[in-house]
Amino acid sequence: MDPFRFTIQARSGRARVGLLTTPHGRVETPLFMPVGTQGSVKGLLPKDLKAIGSQVLLANTYHLLLRPGPERVQALGGLHRFAGWDGPWLTDSGGFQVMSLGHLRRIDEEGVVFQSHLDGSLIRLTPERSIAIQEALGADFIMAFDECPPYPSSPEYLKASLERTLRWLERSLKAKTRPDQALFGIAQGGTDAGLRALSTRETLRFDLPGYAIGGLAVGETKEEMFPMVALSTEILPEAKPRYLMGVGHPEDLVAAMGLGVDLFDSVYPTRTGRFGSALVPEGRINLKNAQYLEDKRPLEEGCDCYACQTFSRAYIAHLVRAEEMLGGILLSLHNLRFLHRLTERAREAIRQGSYGAFAREFAERRFGKEI
Ligand SMILES: CC1(C)O[C@H]2[C@@H](O1)[C@@]1(COC(C)(C)O1)O[C@@H]2CNc1nc2cc3nc(N)[nH]c(=O)c3cc2[nH]1
């Protein structure tokens with residue numbers, strides 16, 4: 001039987017609730033994936049991630065290649081055992097992180113050559129090597145090796161790049177050997193509608209268990225990004241999960257879920273938490289602001305997370321000012337719980353056939369008044 005069955009349980013407009021089966025359990029979509037780049041979601045214990053409703057964690061091929069190395073992770077039982085998370089893992093394929101973190105030396109038909117951001121050593125990544133690394137790491141969902149073009153890029157560059165990404169997808173698929181891993185293709189084309197449609201259609205020529213919308217959330221405006229998301233989900237098959245890479249602001253999740261996106265990841269909730277901010281329905285509050293030093297209220301009234309059930313804004317504001325680790329930990333925990341509650345409420349609204357009302361209520365609270 002297919003280890004990665006995806007069934008649509010309910011629809012409301014273009015939004016849908018899905019049930020995605022994996023070798024490490026069934027998950028409900030739409031869902032948000034906490035980012036555990038180096039095999040750890042910074043500051044949070046796997047048991048606490050489970051308790052707040054995390055279903056799938058994301059790790060990065062680029063980072064784990066540099067340190068500790070895929071062979072070590074494999075020898076220690078693979079990501080699930082190594083990092084103490086027995087739910088599904090997804091690994092990104094490394095291309096994007098090379099662009100955003102590594103010192104890219106060359107990109108050609110073969111692959112990329114880059115200098116490690118850790119010690120400057122030269123490293124080569126090809127579709128074949130990226131798949132081999134992801135097979136050693138043992139994630140449930142693995143990504144094809146692609147190029148995420150810089151933003152902005154010329155139409156000529158976008159076209160040449162998406163065509164190479166399609167050749168790399170074919171090589172990624174040929175290199176795959178494990179039946180217990182699902183390979184997602186990644187559509188590109190930047191913010192050019194014609195090229196985005198071309199890349200998405202060509203990616204669909206490969207019958208895969210899911211498809212990622214790549215090349216977005218790289219600095220373009222929302223006005224540029226969302227038409228590409230809408231165009232993509234119009235073309236992508238209903239019956240397969242859609243993964244919008246790198247998108248994690250609450251309002252962007254609400255909009256993209258309404259356009260039929262099923263999977264999301266972003267460093268935003270944990271990164272903004274470490275920088276001292278909490279996500280709330282009205283937007284975001286920065287606990288470094290002196291106004292919170294006497295505020296007895298929880299980060300968010302009605303939130304069921306440990307941070308909101310146990311501490312005041314005043315205490316967390318103190319921790320942030322005192323640069324206590326616990327400040328970033330509590331804010332990361334709350335922010336992830338905030339996104340998991342958002343997707344839980346979205347799934348409920350879709351089941352009720354009222355996603356439109358849900359999105360309107362969200363928008364009124366988010367944009368209706370100043371914090
Ligand atoms: C590297 C890090 C932490 O991920 C964030 C953030 O920095 C950063 C870096 O530049 C800004 C825009 C400032 O935000 O963009 C990331 C979130 N956007 C995003 N992640 C992606 C991952 C992707 N992976 C693959 N294989 N292919 C893609 O096309 C792809 C596109 C993506 N878009």
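Both ligands and their constituent atoms are indexed starting at 1 by order of listing. Note that the coordinates shown come from a computational prediction; the quantities given were computed from them, not determined experimentally. Quick note: residue numbers are just sequence positions, from 1.
- Under the 3.5 Å distance criterion, the side-chain polar atoms of Glu220 are left unmatched by any main-chain donor or acceptor of Thr191.
- Contacts of Tyr268 classified as ring-ring contact (aromatic ring centres under 6.0 Å, His included), with partners at least two apart in sequence or in another chain: His249.
- Heavy-atom contacts from other residues, nucleotides or ligands closer than 6.0 Å to CD of Glu109 number more than 12.
- The 12-atom threshold is exceeded at CD of Gln309, counting heavy atoms of other residues, nucleotides or ligands nearer than 6.0 Å.
- The ring pair (Phe, Tyr, Trp, His ring centres under 6.0 Å) analysis of residues 140-165, with sequence neighbours excluded, yields the pairs Phe4-Phe141, Phe141-Phe184, Phe145-Trp168.
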Enumerate, atom names and distances included, each donor-acceptor pair closer than 3.5 Å involving a side-chain atom of residues 41-49, sequence neighbours excluded.
none

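- Within 4.0 Å of ligand 1, counting heavy atoms only, the contacting residues are Asp92, Ser93, Phe96, Ser100, Asp146, Cys148, Ile186, Gln188, Gly214, Gly215, Leu216, Ala217, Val218, Gly219, Met245, Gly246, Val267, Arg271.
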